[in-house]
Amino acid sequence: MGAVGQSRKPGEKWFTRAWSKAIASTSYVAMSREEIEEFLGRLTHKLAAALLGEPFCAAPAAEVGAALVEANFTTPATLSKTIGLLGQDAIELLGLVSDEVLRTRIVELQAGVANGFVGALRDRTLREHEEIRQAVLDARMQLAGVGRRPVLDTDHSGLDVLDRDGFLRRLDEVFSSIDPDLRVGLVHLDIDAFKVINNSLGHKVGERLLGAVAGRLAECMGDLPAQLARIGGDEFAILTVSDQRLGDSLVSLAEKILAELITPLSFDGHELAISVSMGIVERPILAGTAVELMRDADITLYRAKSEGRGRWATYDEEHNAREVSRYTLVASMLTALERNEFYVEYQPLVRLSDKTVVGAEALVRWMHPEMGKLSPDRFIGLAEETGLIVPLGRWVLQQACNQAKSWQDKYGTAGPFVSVNLAVRQLWDPNLVSDVAFALESSGLEPAQLQLELTESAIMGTAQQPLNALRALSEMGVRIAIDDFGTGYSNLAYLRDLPVHELKIAGSFMAGLRVNGSNQVDERIVSALVALAHGLKLTVTAEGVETPAEAARLSDIGCDLGQGWYFAKPGPPENLDCLLAAAV
Ligand code: C2E
Ligand code: MG
Ligand code: MG
């Protein structure tokens with residue numbers, strides 16, 4: 001790797017400030033703004049020093065990931081946002097767009113942070129378990145000897161509020177019980193936007209507010225046999241242990257808490273209305289461990305937050321499983337690219353009039369070491385969220401260009417063009433045009449042999465930057481196609497303003513062509529779309545062609561190309577070679 005961007009290298013201090021400011025917005029921690037700045041300043045100093053260091057070494061990134069876990073700064077739910085800000089967003093925020101070396105380094109640091117995060121989270125779970133066991137032993141010895149001291153947080157003026165350690169000890173006691181009928185319930189509660197209050201009114205006011213909230217919560221709990229605990233900065237837990245199902249009572253309690261907190265809390269001359277989000281889990285103790293209960297309540301709480309805050313959510317097994325695997329996917333995706341776990345399949349684009357293969361769509365897949373083959377629907381959205389879509393998309397583009405060039409070398413003018421999907425975020429990436437130019441140049445592929453597919457939603461309301469990029473690409477000779485046409489917006493104004501060459505009609509319209517005459521509406525829509533495209537001098541591809549009847553109808557209608565299982569499923573490039581060789 002060469003020396004770092006000599007011409008326009010901003011100083012380390014500048015990186016540190018900009019990075020920590022960005023990350024600060026991804027989490028709610030009970031720290032003052034100064035404390036957050038100091039904490040993140042230290043971590044991002046490490047990253048910035050690594051970024052600019054010669055020789056480059058990504059190792060400190062893992063320490064940053066571990067420190068974020070240690071300080072409860074980021075959770076599985078917010079990890080992808082933090083990683084995004086450390087990575088692709090940082091590249092944009094810090095204006096590093098033209099510096100290839102720094103961009104590559106940032107992706108490596110990003111992967112390092114995620115690895116450190118995952119490692120530390122695993123260690124913490126193990127360690128907490130060990131700590132809980134040790135604490136229980138201590139508590140039992142105390143019981144046998146000096147008697148047990150209740151663990152009270154004196155901040156909450158006389159209320160019976162356990163602190164985090166006390167709460168974990170209590171949980172472990174519960175889960176050590178041998179009573180098979182015992183059930184445990186947990187309301188995990190978090191104050192919405194507490195950071196804003198803390199930042200604007202100061203740490204001390206924040207602490208007083210938490211005391212006042214604890215008082216309200218205790219009032220709401222009333223006679224319910226439940227224990228209140230403050231388990232994190234602005235996080236509370238309400239624990240029930242019973243041989244009865246208390247799920248409904250916990251939901252009623254959550255409703256009551258929401259209703260009670262509508263009345264502003266007054267303290268120290270401040271009147272503050274706050275809202276809270278809650279995750280509720282209720283189950284037999286035999287259903288799992290204390291650590292699983294905490295994790296599930298945390299994920300449920302985040303669901304309540306993501307559904308709009310100021311509400312409660314109850315545990316949903318399916319959602320939970322999705323979140324856990326989502327989190328695992330985000331973490332493993334960051335290293336998947338360098339481990340060569342992605343690969344590209346190609347699906348032929350066939351001229352309907354004579355069934356000649358004229359093009360191929362490149363479709364990315366992920367061979368996950370544990371989960372096996374994953375389709376793009378599983379990971380493209382996550383890759384967009386984390387920003388990884390930019391390097392991943394660049395890689396797919398390069399593969400596709402190389403492949404098309406090799407087809408051209410083998411079959412000359414009969415070699416198919418490649419059509420590559422472009423995500424919204426790639427469209428906004430200021431390096432898109434130079435990335436495409438590089439892929440073409442390094443592969444030796446003619447620009448006319450490359451098509452880029454964008455969905456309607458990606459180009460709707462397109463701002464100047466993406467518009468300029470599309471125009472530059474079109475001027476280079478690259479074709480632009482609108483993917484899944486007809487499923488997005490009905491406002492077609494963009495067709496007037498954008499350099500579009502092709503419409504790909506969404507497969508959902510093909511159903512009506514399947515049985516002769518059964519759905520005239522779909523057929524009319526397809527005919528109208530084909531006429532519209534031809535009127536605008538655009539070519540049309542029909543997606544999702546599954547039967548010979550559909551292919552025949554489309555050909556009659558005048559549609560140019562077809563793509564679908566009827567012709568071939570997506571597969572390795574060799575599958576296309578068979579079709580192309582047969583045609584020569
Ligand atoms: P798409 O671009 O609309 O791709 C067509 C999808 O339809 C592919 O799904 C393809 O396997 C599927 N398909 C093809 N023929 C038929 C058929 O006859 N019937 C039916 N029911 N389906 C058919 P796939 O491969 O799962 O890809 C899903 C989506 O993921 C793609 O939709 C595209 O939006 C996205 N995607 C795939 N690769 C990439 C990539 O490299 N970058 C980006 N940004 N997105 C990608
Ligand atoms: Mg497509
Ligand atoms: Mg499509």
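All of these numbers come straight from a predicted model, not from anything done at the bench. Every number for a ligand or one of its atoms is a count from 1 in the order of the listing.
- For the residue pair Gln398 and Asp435, no side-chain donor N or O sits within less than 3.5 Å of a side-chain acceptor on the partner.
- The option from Glu345, Gln347, Arg365, Gln426 that lies nearest to atom 25 (O) of ligand 1, judged by heavy atoms, is Arg365.
- Across Trp395, Trp565, Phe379, heavy-atom proximity to atom 17 (C) of ligand 1 is greatest for Trp565.
- Considering just the N/O/S atoms of Glu453, the one nearest the Mg ion (ligand 2) carries the name OE1.
- In terms of distance to the Mg ion (ligand 3), the nearest N, O or S atom of Asp483 is named OD1.
- Annotation: Gln563 places no N or O atom under 3.5 Å from an N or O atom of ligand 1; distance criterion only.
- Short contacts between ligand 1 and Glu543, defined as distances under 4.0 Å to a heavy atom of the residue, involve ligand atoms 3 (O).
- In Glu361, the N, O or S atom that comes nearest to the Mg ion (ligand 2) is OE2.
- Using a 3.5 Å distance cut-off with no hydrogens or angles, the side chains of Thr541 and Gln563 do not pair a donor with an acceptor.
- Enclosure of atom CZ in Phe438 is not indicated, since only 12 or fewer non-hydrogen atoms of other residues, nucleotides or ligands lie within 6.0 angstrom.
- Residue contact check for ligand 1: Gly544 places a non-hydrogen atom closer than 4.0 Å to it.
- Residue Ile380 places no N or O, backbone or side chain, under 3.5 Å from any N or O of ligand 1.
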